[in-house]
Q: 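Here you go, one structure.
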Amino acid sequence: MTDQRERRTVEAEFEITDFDESVYDQPSEGPKMTRVTIRKRYQGVIDGTGVAEVLTAQGDAGGGYVASERIEGTIDGRKGTFVIQHFGLADGDEQTSHGSIVPGSGTGDLAGISGEAMERTFKVLTLAYTL
């Protein structure tokens, strides 16, 4: 039996509605370590909200983060929630990010969603998913 699910790639702009950062380690040398809660409002193909818990390492010349984000809303009219785990690195002006939808995290009409997520453009989530 073959999988008849269609793979789609969509882009959704978002705005940050709340950013709560706390430093949990700031050595005299090396990057500071922070914990951040970020709340987002998605618009477009994805219509809804997101909340991400982020751990960062922020230095003078570079940094990195790991995050888990739950998105609640609709994708192409299908309503539910799902979780993305993603990470990113910054080396000077070069920035990369990548993530995956957590298997089994989809609820409602989004149950069974799988795929990848990245932020190639600032404040735009690119989601390549199968549902």
Side-chain angles (χ1 to χ4, degrees):
M1 185 169 177
T2 61
D3 188 353
Q4 299 297 316
R5 301 181 313 162
E6 179 183 341
R7 184 160 181 91
R8 295 206 53 213
T9 300
V10 298
E11 291 187 343
E13 292 185 17
F14 64 86
E15 65 177 308
I16 295 172
T17 59
D18 189 46
F19 187 92
D20 182 22
E21 179 181 48
S22 63
V23 176
Y24 67 87
D25 183 30
Q26 189 160 10
S28 59
E29 291 186 65
K32 72 177 179 178
M33 309 285 277
T34 69
R35 181 176 293 110
V36 186
T37 300
I38 302 173
R39 297 187 185 281
K40 302 175 182 177
R41 173 73 177 108
Y42 286 92
Q43 305 173 79
V45 177
I46 299 174
D47 184 25
T49 59
V51 62
E53 288 296 325
V54 185
L55 298 176
T56 74
Q58 303 172 34
D60 292 335
Y65 76 91
V66 294
S68 292
E69 177 179 2
R70 180 181 314 280
I71 296 175
E72 179 176 1
T74 60
I75 301 176
D76 288 332
R78 296 179 177 192
K79 186 174 182 173
T81 67
F82 61 97
V83 176
I84 299 171
Q85 287 196 328
H86 49 107
F87 66 92
L89 296 172
D91 185 0
D93 291 338
E94 294 290 318
Q95 295 186 20
T96 59
S97 76
H98 186 76
S100 296
I101 296 173
V102 174
S105 68
T107 67
D109 297 335
L110 301 177
I113 191 170
S114 62
E116 292 82 41
M118 63 219 71
E119 190 178 333
R120 294 183 215 167
T121 305
F122 185 60
K123 293 188 180 179
V124 177
L125 175 71
T126 300
L127 187 67
Y129 73 94
T130 303
L131 185 61

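The chain is numbered in sequence order, starting from 1.
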Q: If we only count heavy atoms from C-beta on, is the T34 to K32 side-chain gap below 4.5 Å?
A: yes
Q: Is the closest side-chain heavy-atom distance between Y24 and L55 below 4.5 Å?
A: yes
Q: Is D47 salt-bridged to R41, going by a charged N under 4.0 Å from an acidic O?
A: yes
Q: Once you round to the nearest 0.5 Å, how far does CE of M33 lie from CD of Q58?
A: 10.0 Å
Q: Should I16 and K123 count as side-chain neighbours, where that means a heavy-atom distance under 4.5 Å?
A: yes
Q: With a 4.0 Å cut-off on N to O distance, would you call R7 and E116 a salt bridge?
A: yes
Q: Rounded to the nearest 0.5 Å, what separation is found between the CD1 atom of I113 and the CG atom of L127?
A: 5.5 Å
Q: Can you name the closest pair of heavy atoms from P31 and A57 and give their distance?
A: CB-C, 4.2 Å
Q: State, to 0.1 Å, how close Y42 and T49 come at their nearest heavy-atom pair, and which atoms those are.
A: CD1-C, 4.1 Å
Q: Can you tell if the side chain of I46 reaches within under 4.5 Å of the side chain of I71, non-hydrogen atoms only?
A: yes
Q: To the nearest 0.5 Å, what is the distance between CG (L125) and CZ (R120)?
A: 10.0 Å
Q: Out of curiosity, S97 OG to H86 NE2, how far, rounded to the nearest 0.5 Å?
A: 8.0 Å
Q: Considering only heavy atoms from C-beta outward, does the side chain of F82 approach that of V102 to under 4.5 Å?
A: no
Q: Side-chain contact, heavy-atom cut-off 4.5 Å: E13 with F122?
A: no
Q: Out of the candidates L131, I101, T74, only one should pair with L110 under the side-chain contact (heavy atoms from CB on, under 4.5 Å) rule; please name it.
A: L131
Q: Is any side-chain N of the basic residue among K40 and E69 closer than 4.0 Å to the acidic one's carboxylate O?
A: yes
